[in-house]
There are 2 protein chains.
Amino acid sequence: MYSIREKNKINKRKCILEAAMRLFSKKGYEQTSIEELAREAGIGKGTVYSYFQTKKDIVRAFCEDELDYVRQELAENANLDTPLVEQLMIIFMAEFRHVSKNKEFGRLYLQEKILPREHHSAEDLEVQEQYFKLLYPIYQRAQERKELRTDLELLHISGHFYGLYLLMVSCWYNGMIPTEEIPEAMETMIRQTLEGLKP
Amino acid sequence: MYSIREKNKINKRKCILEAAMRLFSKKGYEQTSIEELAREAGIGKGTVYSYFQTKKDIVRAFCEDELDYVRQELAENANLDTPLVEQLMIIFMAEFRHVSKNKEFGRLYLQEKILPREHHSAEDLEVQEQYFKLLYPIYQRAQERKELRTDLELLHISGHFYGLYLLMVSCWYNGMIPTEEIPEAMETMIRQTLEGLKP
DNA sequence: AAACAAAATCGACCGCAGTCATTTTTGTTT
DNA sequence: AAACAAAAATGACTGCGGTCGATTTTGTTT
């Protein structure tokens, strides 16, 4: 069980996150100062920093919470026996939808996630690899169904599709692909990756 | 011909960039203040901002200058008739070498390039598409040699390989792949993309 | 060479992210 | 309930990125 202290901490953390999202959404990330955010959350400025290390960390926490939720939902409703392309589309589009709905936060979050500052612990590495392994069961079943070659490492397969995701997100942020064309483009690219670029 | 004024401007810009790289390399980007940088370059703080809009822009300009140079060299020494995998490896490894030699700058540069802040002009979009078209001649020749399917759009082909590049860079920054294993991993992934992931 | 407009330079100033010594709150012991 | 130690909260303060109006330099015209 959580002590009263711990419950309050968890609760206040949520308050800060909610206040942050209200203000960031209304005025934008850059235009919201920590002091203002603290006022909105009904606490002092310094207190914010005992819950989050930096301003960006607040965004990161929000996105991670949200994505954890999205992924859990997906895991619960997953059907490992639908065709691979379909499964990948459901997963990537869910993640993309979250990013595109929160364009500014998504950018800050992905920037740090894709190209992180020098990381310290071996723990960070573990987290990252965990992310790559998330889809392993899907790939294994697809291999069993002969939808994927069995002579490839799962890590590599994960890599290919993650690379495509990075590509699509980057193209979207660069304005090369409008939101409504993303699904089609994504599916095309997945299919081509499966078929190969060679004649 | 450039006027005296223009020559001075170009020259002073170079001075600032050189001072910046000296300090950033020695003390790191965050630890170097603009005021210090101005002192090193022998000018006032405000002057720096009539050459560059933001601190990050200084890094960006440095990386772009450098990469332009790398790309020009590659273009001159290119042999469009060597096998596609080989050509791609030369190009991507050249870019990657630049990034990995300047880890901190490379990160800041790529963060902005991959996931840029809301862009304004249609010009930015043009620049980005230009980058994708850079390798078109290579792909076309590869198609003629039957190394690539001809029923695919060149933009998509470019996308596939650029996606792989993003993947490798991200894995490297996340500490998942050490520098010396990048070439092997890169080549493996390129080959798999060509062959396809389907049995 | 004097007068002058345009361009370039400058540094005092502003707002904000992040720190830290001090104060307040909380839970426990006597 | 008084005393006390640990945890949490606080806001004055620091340093830096970026701005802007004042000042100097430059090139041109008379």
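Keep in mind it's a predicted model, so treat the numbers as computed, not measured. Labels below follow one simple rule: chain letters A, B, ... track the order of the sequence lines, proteins then strands, and each chain is numbered from 1.
A salt bridge links B/E40 with B/R22; the closest basic N to acidic carboxylate O contact falls under 4.0 Å. The pair B/R149-A/E195 meets the salt-bridge criterion, since a charged nitrogen lies less than 4.0 angstrom from a carboxylate oxygen. One finds no salt bridge joining B/K14 and B/D65 here, because no Lys/Arg side-chain nitrogen approaches an Asp/Glu carboxylate oxygen to under 4.0 Å. Taking a cutoff of 4.0 Å between a charged side-chain nitrogen and a carboxylate oxygen, B/E118 and A/K103 qualify as a salt bridge. We find that B/R71 and B/E64 are not joined by a salt bridge, their nearest charged nitrogen and carboxylate oxygen being 4.0 Å or further apart. Using a cutoff of 4.0 Å between basic side-chain nitrogens and carboxylate oxygens, B/K27 and B/E36 are scored as salt-bridged.
A ring-centre distance under 6.0 Å is found for A/Y139 and A/F161.
Considering only side-chain N and O atoms, A/K12 lies nowhere under 4.0 angstrom from the phosphate OP1 or OP2 of D/dA8. OP1 or OP2 of D/dA8 has not a single side-chain nitrogen or oxygen of A/S50 nearer than 4.0 Å.
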| Residue pair A/K55, A/Y29: steps toward the side chain to side chain contact (heavy atoms under 4.5 Å, CB included) verdict | CA-CA 9 Å; A/K55 195 179 177 187; A/Y29 173 80; 3.5 Å; yes
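At a non-hydrogen distance threshold of 4.0 Å, B/T54, B/K55 from residues 52-65 of chain B come into contact with DNA chain D. Applying a 4.0 Å cut-off to non-hydrogen atoms, the residues of residues 27-44 of chain A that approach DNA chain D are A/I43, A/G44, listed by residue number.
Read 5' to 3', the first and last nucleotides of DNA chain C with an atom closer than 4.0 Å to a heavy atom of chain B are C/dA7 to C/dG11.
Residues B/G46 and B/N8 both approach DNA chain D. Their nearest nucleotides, taken by heavy-atom distance, put B/G46 toward the 5′ side.
Remark: the A/W172 side chain and the A/T179 side chain contain an N/O donor-acceptor pair separated by less than 3.5 Å.
With hydrophobic clusters built from ILVMFWY side chains whose heavy atoms lie under 4.5 angstrom apart, B/I182 shares a cluster with B/Y162.
The one candidate from B/L80, B/L148, B/I157 that meets the side chain to side chain contact (heavy atoms under 4.5 Å, CB included) condition with B/I138 is B/L80.
Applying the Watson-Crick and G-U wobble criteria (two distances, each under 3.5 Å), C/dC16 pairs with D/dG15. In a base pair of the Watson-Crick type (N1 to N3 plus N6-O4 or O6-N4) or a G-U wobble (N1-O2 and O6-N3), with each distance short of 3.5 Å, C/dA8 is matched with D/dT23. Within the shown strands, C/dT22 is the pairing partner of D/dA9 under the Watson-Crick or G-U definition, both distances less than 3.5 Å.
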